[in-house]
S.K.: 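I'd like to ask you about the structure that follows.
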Amino acid sequence: MMDAKVMVLGGGGREHAIAWKLAQSAVVAKVYCVPGNPGTAAEAKVHNLALKPTDVDQVVAAAHALGIALVVIGPEAPLVAGVGDALRRAGIPVFGPNAAGAMLEGSKAHAKAFMERHGLPTARYGRFTDAGAALGYLRDHPLPVVVKADGLAAGKGVVVALARAEAEAAARAFLQWGPIVIEEFLEGEEASFIAIVADGQVLPLAGSQDHKRLRDGDRGPNTGGMGAYSPTPILDTAMSERVLREVMRPAAEGLMTDRTPYCGFLYAGLMIGPAGPKVLEFNCRLGDPETQALMMRLRSDLYTLLLTAARGDPLPKTLDWDSRAALCIVLATAGYPDHPRLGDPILGLNKTQGDTVKIFHAGTTTEHDTVITAGGRVLGVTALGESLSIAQQRAYAAVADIRWPGLQYRQDIGYRGLRRA
């Protein structure tokens, strides 16, 4: 019976993809996005609510008033703010960890200490609150070196410094926000391993790979992500089993040992090198733009899956995935990531793309019935293909129809997977 109402907190590309997939469930009547975006507003069965996803009281009151059967928390800020805790106290099923669990993402130092305590493979590090101590540590540290802001930074609080002066500048800048973590640089290839974790249960999603750097060839500054694809050859069956054995199951067991209840997505950003996988970071939600590619491939009923986890019931052993590859290209504004230019009308959105291409909105809004740019990362153009190469061709063909002044995007999304293939 189609009568379930679901609430999705967030208004980015990840949340558009989640809402779109939830709305496909035969048992879901309505999906409410808080606050959503013009893309979610255009989806069948999806409605936007102009509330702040971090406003605990408003979210709980709206969920009660609307008779919400499940709340899915998309971004990190509501998780760290404890929205999940408040919803659970109010008796509302929620998929997303509580504030204590979300500290794996909310604090890099907390995550490093967790990994150290439970024997998870990761880079050597130091935590600093004082500039003198941090600069002294950097003086003797081999290059390259990684400098991270300890708290949330929307994917941009990381500098991989090739020169001492660059590392020192990053340390000084990040210390203005709070503590920092300085790590050894790890060689290898990055990959995203995401699983549903619920009371010690671990159900992996398909593998994916993000492209963090702004420019082709993984050059330029770090961003929130310029594109992604799934599956990725680096996470083949053998490597995926190793990640489950060495990272994900120990992490789930570690949370149980620490008496930290956890129900949500757990995302391990990995560096896979000659010594195997090492954890660069944990996120406590789906990645963006990995979500866009993953939701295009997922065939299992997302609502039933997440509600099962939220209730603490046994999870299925496996998920049903489309055998085709999916690839997402992020379209960003001029000046992104440091000084994104906003307010430009977006042209070409109404062209029919067919059932193998989907445009997910991220940083958009409407002005006088026109969709305009409202964030650094604006759209995620995502395509399915019988091979990664075909998915890439379809996605870039769709990108060619979209334009606004200063539009920028990478032209090599998926290149590592294609090279391995």
S.K.: Using every non-hydrogen atom in the two residues, find where P289 and G224 come nearest and quote the distance to one decimal.
M.R.: CD-O, 4.3 Å
S.K.: Under 4.0 Å between a side-chain nitrogen and a carboxylate oxygen: does that hold for K108 and E183?
M.R.: no
S.K.: At their closest point, which heavy atom of V159 faces which heavy atom of F174, and how far apart are they?
M.R.: CG2-CZ, 3.9 Å
S.K.: Side chains of E241 and T237: do they bring a donor and an acceptor to under 3.5 Å?
M.R.: no
S.K.: If I compare all heavy atoms of M295 with all of W20, which pair ends up nearest, and what's the gap?
M.R.: O-CZ3, 3.6 Å
S.K.: Checking side-chain polar atoms at under 3.5 Å, does S25 have a donor or acceptor matched by the opposite partner on D301?
M.R.: yes
S.K.: Answer with yes or no whether the side chains of T40 and N48 bring together a donor and an acceptor at under 3.5 Å.
M.R.: yes
S.K.: Donor-acceptor pair, distance only, cut-off 3.5 Å: does the side chain of R377 make one with the backbone of V330?
M.R.: no
S.K.: Going by an N to O cut-off under 4.0 Å, is there a salt bridge joining E43 and K21?
M.R.: no
S.K.: Please determine if D218 and R410 form a salt bridge, counting it only when a charged side-chain N lies under 4.0 Å from a carboxylate O.
M.R.: yes
S.K.: Is the backbone of G126 close enough, under 3.5 Å, to the side chain of K112 for a donor and an acceptor to pair up by distance?
M.R.: no
S.K.: Is a donor on one side and an acceptor on the other found under 3.5 Å between the side chain of N283 and the backbone of Y267?
M.R.: no
S.K.: Flag yes if more than 12 heavy atoms outside R419 fall under 6.0 Å of its CZ atom; otherwise flag no.
M.R.: yes
S.K.: Counting N and O atoms only, with roles assigned by atom type, does the side chain of T232 sit under 3.5 Å from a partner on the main chain of L235, one being a donor and the other an acceptor?
M.R.: no
S.K.: Report the residues that fulfil ring pair (Phe, Tyr, Trp, His ring centres under 6.0 Å) with Y137, sequence neighbours left out, ordered by chain and then residue number.
M.R.: F128, H141
S.K.: Nearest 0.5 Å, what's the CG-SG distance between D288 and C328?
M.R.: 7.5 Å
S.K.: Between the side chains of H118 and D258, is a donor N or O closer than 3.5 angstrom to an acceptor N or O?
M.R.: yes
S.K.: Indicate the atoms forming the closest heavy-atom contact of I272 with A191, along with that distance.
M.R.: CD1-CB, 4.1 Å
S.K.: Roughly how far apart are S240 OG and I234 CD1, rounded to 0.5 Å?
M.R.: 10.0 Å
S.K.: For G10 and P53, work out which heavy atoms get closest and say how close.
M.R.: N-CB, 4.1 Å
S.K.: Does a side chain donor of either E290 or S192 reach within less than 3.5 Å of an acceptor in the other side chain?
M.R.: yes
S.K.: Roughly how far, to the nearest 0.5 Å, is the CD1 atom of I359 from the CG atom of L379?
M.R.: 6.5 Å
S.K.: Has the side chain of Y229 got a donor or acceptor atom that lies under 3.5 Å from a matching backbone atom of G417?
M.R.: yes
S.K.: Under a 4.0 Å threshold between the charged nitrogen and the carboxylate oxygen, would R213 count as salt-bridged to E190?
M.R.: no
S.K.: Rounded to the nearest 0.5 Å, what separation is found between the CG atom of L286 and the CG atom of L266?
M.R.: 11.0 Å
S.K.: Would you name the heavy atoms of G74 and R285 that are closest together and state the gap between them?
M.R.: O-CB, 3.2 Å
S.K.: Can any side-chain N or O of T373 pair as donor or acceptor with the backbone N or O of D344 at less than 3.5 Å?
M.R.: yes
S.K.: Rounded to the nearest 0.5 Å, how far does CD of Q392 lie from OH of Y415?
M.R.: 12.0 Å
S.K.: If we ignore hydrogens and angles and just use 3.5 Å, is the side chain of H211 paired with the main-chain N or O of G227 as donor and acceptor?
M.R.: yes
S.K.: Tell me if the CZ atom of R164 is crowded by more than 12 foreign heavy atoms within 6.0 Å.
M.R.: yes
S.K.: Would you please test E187 and K278 for salt bridge (charged side-chain N to carboxylate O under 4.0 Å, His left out) and show each step?
M.R.: CA-CA 10 Å; E187 296 278 0; K278 291 193 176 184; over 6 Å; no
S.K.: Just checking R124: does its CZ atom have more than 12 heavy atoms from other residues, nucleotides or ligands closer to it than 6.0 angstrom?
M.R.: no
S.K.: Would you kindly say whether S300 and D320 are connected by a side-chain donor-acceptor distance under 3.5 Å?
M.R.: no
